[in-house]
Amino acid sequence: MKLATWNVNSVRKRVGQVQSWLSREAPDVLILQELKCEARDFPELDFASLGYRAEILGQKAYNGVAVLSRLPFEVRARALPGLTPPPGAEAVDARYLEIALPQLVIGGLYAPNGNSGGIEGFRRKLSWLDALIARAKTLLAADIPLILAGDFNVCPDDDDLAPGALAPDDALVRPESRARFRTLLWLGLTDALRALTPEGPIYTFWDYQAGAFAADRGLRIDHVLLSPTLAERLVAAQVDRAARAAEQPSDHAPVVVTLD
DNA sequence: ATGTCTCTACTATAGAGA
């Protein structure tokens, strides 16, 4: 089974790139983040023509998660349990979409960045990650084979960002953010990229500004976490940097994981 | 710290978010 996660930074702007990527890589499942559109504006038919059924969790202008799959699946959740909407909003952000395939459950996610909205914005990021931890605990306690895949907006360790790429107090590297990522690992989840490449820089995101990609000044914030029985089947985990080198690319590259 | 990109809004530029 081949699974990928890709923050596309507007799916409408990137339809052509996602289509050609699907044709070339032929994953069984692709999780998309930052759709930046409502479900009705998602280009569903462009992916259906390639054999992928879409489940869409949309929101106007921001956020959004979708699952594209050529394997049959059913939806299990369209939000993390226990989260309350941000002040002034009527619904929680479109950030978590959970589906079940015959042998496993996949949580596709887009965690809050946490650098906007001051201390309150950062607190909401941490609360969101706490809700993700709680969800993972529930599923693991039920012995459900689980994949969490998406943009976690956390650089777990110092090899996961280029030197000087972020201020020490950036929400992506603050100790509180990293502690929550470690908690997910301590629950028994395996970081697929790091399981096969334990040391050295790996990046999945390069800022549009200041020639970051050309200088390879990136961050690793997109992750695929595997529960124990799935981790035993891990055979490959890679970042597709070629996608980031395209014309008018997303600022994120796909992370691709193969399970035996 | 921000040189870019994408979105939205009193359709055309500026603010927000990443």
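Each chain gets a letter, A, B and so on, in the order its sequence line appears, and its residues count up from 1.
- Note: CG (A:N153) to C1' (B:dG17) measures 11 Å, nearest angstrom.
- The shortest side-chain heavy-atom distance between A:D240 and A:R24 falls under the 4.5 Å cut-off.
- Distance, A:N63 CG to B:dT6 P: 17 Å, rounded to whole Å.
- Distance from the side chain of A:K36 is smallest for B:dC7 among the nucleotides B:dC7, B:dC5, B:dA9.
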Q: Assess whether salt bridge (charged side-chain N to carboxylate O under 4.0 Å, His left out) is satisfied between A:D28 and A:R70, documenting all intermediate values.
A: CA-CA 6 Å; A:D28 297 293; A:R70 53 180 197 182; 3.3 Å; yes
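- Here the separation of B:dT6 from B:dA12, taken at their C1' atoms, is 16 Å to the nearest Å.
- In terms of phosphate contacts, A:S116 brings a side-chain nitrogen or oxygen within less than 4.0 Å of OP1 or OP2 of B:dA18.
- For the pair A:Y62 OH and B:dA18 P, the computed distance is 8 Å after rounding to whole Å.
- For B:dC10 and B:dA16, the P atoms lie 15 Å apart once the distance is rounded to whole Å.
- To the nearest whole angstrom, the two P atoms, one in B:dG3 and one in B:dA14, are 16 Å apart.
- For the pair A:R174 and A:F122, the cation sits on the ring face: its NZ or CZ lies under 6.0 Å from the ring centre, inside 45° of the axis.
- In this structure, A:N7 atom CG and B:dC7 atom P are separated by 13 Å, rounded to whole Å.
- To the nearest angstrom, P of B:dG17 lies 14 Å from CD of A:E120.
- Atom OH in A:Y208 sits roughly 21 Å away from atom P in B:dT2 (whole-Å rounding).
- Counting only heavy atoms from C-beta outward, the side chains of A:L189 and A:S227 approach each other to under 4.5 Å.
- One atom, CD of A:Q209, and another, P of B:dT2, lie 9 Å apart when rounded to the nearest Å.
- Here the side chain of A:K60 is nearest to one of B:dT8, B:dA18, B:dT6, namely B:dT8.
- A:E34 comes within 4.0 angstrom of the backbone, heavy atoms only, and of no base.
- Checked against B:dC7, B:dT8, B:dA18, the side chain of A:N113 finds its nearest nucleotide in B:dA18.
- Dashed line: the shortest gap from a side-chain N or O of A:R12 to OP1 or OP2 of B:dT6 is not under 4.0 Å.
- Comparing B:dG17, B:dT6, B:dA18 by their nearest atom to the side chain of A:R14 picks out B:dT6.
- Between B:dA18 and A:K125, no contact under 4.0 Å exists linking OP1 or OP2 to a side-chain N or O.
- Taking the six-membered ring where tryptophan is involved, the planes of A:F181 and A:H223 are tilted, since the angle between them lies from 30° to 60°.
- The nearest whole Å value for the distance from the CG atom in A:L219 to the P atom in B:dA18 is 14 Å.
- The same atom, C1', is picked in B:dT2 and in B:dG17; the two are 14 Å apart, to the nearest Å.
- Nearer the 5' end of DNA chain B, as judged by each residue's closest nucleotide, is the contact made by A:D170, out of A:D170 and A:G114.
- Ring pair A:W6/A:W21 is tilted by interplanar angle, where 30° to 60° counts as tilted.
- Residues A:F205 and A:V11 each lie close to DNA chain B; by heavy-atom proximity, the contact nearer the 5' end of the strand is made by A:V11.
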